[in-house]
Amino acid sequence: MMSIEKQTGLKRLIFSINNSWSGVTDAFKTEDAFRHIFIFSTLLVLISFMLDISKTQHIVLILCSFMLVVIELLNTAIETVVDRISYEIHPLSKRAKDMAGAAQLVAIVATLLTWLIILF
């Protein structure tokens with residue numbers, strides 16, 4: 001196993017940002033679900049700018065959109081780790097993947113309800 005010397009200060013921050021950006025670009029390149037959520041969330045943010053709503057409501061709508069992207073990244077990470085361990089179908093693997101997917105479903109429903117409540 002390779003040992004990586006830990007960076008400190010500004011170098012660590014830049015290193016972390018580069019790794020995080022790699023995760024986003026990899027998810028965008030390799031995961032259809034992430035691309036769909038990312039594009040959908042971007043559209044929601046753009047639409048929110050066109051609405052005549054309060055700043056607080058505007059912030060809530062934008063946060064919902066970001067929440068969808070964050071949860072999809074976590075869902076993808078969990079699925080990737082489970083697949084890394086084994087492609088064998090195992091009840092615990094299915095459970096982990098199903099729960100990660102359920103988190104995304106809850107986030108989508110919460111976003112939908114938030115938009116409906118704010119708009120109507």
Side-chain angles (χ1 to χ4, degrees):
M1 186 157 93
M2 189 169 68
S3 175
I4 298 175
E5 184 178 324
K6 270 204 162 187
Q7 304 288 332
T8 58
L10 186 58
K11 284 184 179 183
R12 180 180 172 95
L13 176 63
I14 292 169
F15 183 76
S16 294
I17 290 170
N18 284 337
N19 285 338
S20 299
W21 186 248
S22 291
V24 172
T25 57
D26 181 64
F28 198 85
K29 289 176 187 174
T30 63
E31 297 293 329
D32 285 339
F34 178 78
R35 275 193 303 279
H36 295 150
I37 292 290
F38 185 87
I39 292 166
F40 179 69
S41 295
T42 301
L43 289 173
L44 288 179
V45 169
L46 294 174
I47 290 168
S48 76
F49 285 118
M50 297 177 208
L51 301 174
D52 185 25
I53 56 178
S54 71
K55 285 184 181 182
T56 303
Q57 290 172 321
H58 194 81
I59 289 167
V60 169
L61 294 181
I62 290 171
L63 286 175
C64 284
S65 298
F66 275 84
M67 176 182 64
L68 292 177
V69 173
V70 168
I71 293 175
E72 183 56 36
L73 284 167
L74 293 172
N75 180 29
T76 300
I78 289 168
E79 289 182 353
T80 301
V81 169
V82 168
D83 290 345
R84 164 65 172 89
I85 293 167
S86 174
Y87 283 116
E88 173 190 333
I89 296 175
H90 188 280
L92 291 177
S93 297
K94 180 183 181 335
R95 187 174 176 209
K97 287 184 171 191
D98 288 352
M99 287 182 185
Q104 185 61 297
L105 177 62
V106 170
I108 290 168
V109 170
T111 299
L112 178 63
L113 289 174
T114 301
W115 273 78
L116 289 173
I117 290 168
I118 288 175
L119 294 179
F120 302 106

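These values consider heavy atoms only, across backbone and side chains, with no hydrogens, waters or symmetry-generated copies. The shown structure was predicted, so the numbers you read here are calculated from the model rather than taken from an experiment.
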Novice: For the atom pair CD (Gln57) and CD1 (Ile62), what is the distance rounded to the nearest 0.5 Å?
Specialist: 12.0 Å

Novice: Is it possible for you to say whether Leu51 and Leu44 belong to one hydrophobic cluster, with membership spreading through side-chain heavy-atom contacts below 4.5 Å?
Specialist: yes

Novice: Which heavy atom of Val45 sits nearest to which heavy atom of Ser65, and what is that distance?
Specialist: CG2-CB, 3.7 Å

Novice: Quick one: pull up CE in Met67 and OG in Ser41 and give me the separation to the nearest 0.5 Å.
Specialist: 9.0 Å

Novice: Might you point out which heavy atoms bring Ile78 and Ala96 nearest each other, and give the distance in Å?
Specialist: CG2-O, 4.0 Å

Novice: Set out, in order, the CA-CA distance, both residues' side-chain angles and the distance that settles side-chain contact (heavy atoms from CB on, under 4.5 Å) for Asp83 and Lys97, then state yes or no.
Specialist: CA-CA 10 Å; Asp83 290 345; Lys97 287 184 171 191; 2.6 Å; yes

Novice: Would you say that Glu31 contacts Asp26 through its side chain, given a criterion of any heavy-atom pair below 4.5 Å between the two side chains?
Specialist: no

Novice: Would you say that Leu61 contacts His58 through its side chain, given a criterion of any heavy-atom pair below 4.5 Å between the two side chains?
Specialist: no

Novice: Report yes if the side chains of Ile37 and Ile71 come closer than 4.5 Å at any heavy-atom pair, otherwise no.
Specialist: no

Novice: Following the transitive rule for hydrophobic clusters with a side-chain heavy-atom cut-off under 4.5 Å over Ile, Leu, Val, Met, Phe, Trp and Tyr, establish whether Trp21 and Phe28 coincide in one cluster.
Specialist: yes

Novice: Membership question, hydrophobic clusters at under 4.5 Å side-chain separation (ILVMFWY): are Val60 and Ile47 in the same one?
Specialist: yes

Novice: Nearest 0.5 Å please: distance from the CG atom of Leu43 over to the CZ atom of Phe40.
Specialist: 8.0 Å

Novice: How far does CZ of Arg35 sit from CD of Glu72, to the nearest 0.5 angstrom?
Specialist: 11.0 Å

Novice: Find out if a path of hydrophobic residues (ILVMFWY) with successive side-chain heavy-atom gaps under 4.5 Å connects Phe49 to Phe66.
Specialist: yes

Novice: Please table the atom pairs, donor to acceptor, closer than 3.5 Å between any side-chain atom in residues 107-118 and protein atoms at least two apart or in another chain.
Specialist:
{"unit_1": "Thr111", "atom_1": "OG1", "unit_2": "Ala107", "atom_2": "O", "d": "2.9"}
{"unit_1": "Thr114", "atom_1": "OG1", "unit_2": "Ala110", "atom_2": "O", "d": "2.7"}

Novice: Does atom CG of Leu92 have more than 12 heavy-atom neighbours from other groups under 6.0 Å away?
Specialist: yes

Novice: Could you measure the distance from the CZ atom of Phe34 to the CG atom of Leu68? Nearest 0.5 Å is fine.
Specialist: 11.0 Å

Novice: Report the distance from atom CZ of Phe15 to atom CD1 of Ile17, rounding to the nearest 0.5 Å.
Specialist: 12.0 Å

Novice: Hey, does the side chain of Thr42 reach the backbone of Phe38 with a donor-acceptor pair shorter than 3.5 angstrom?
Specialist: yes

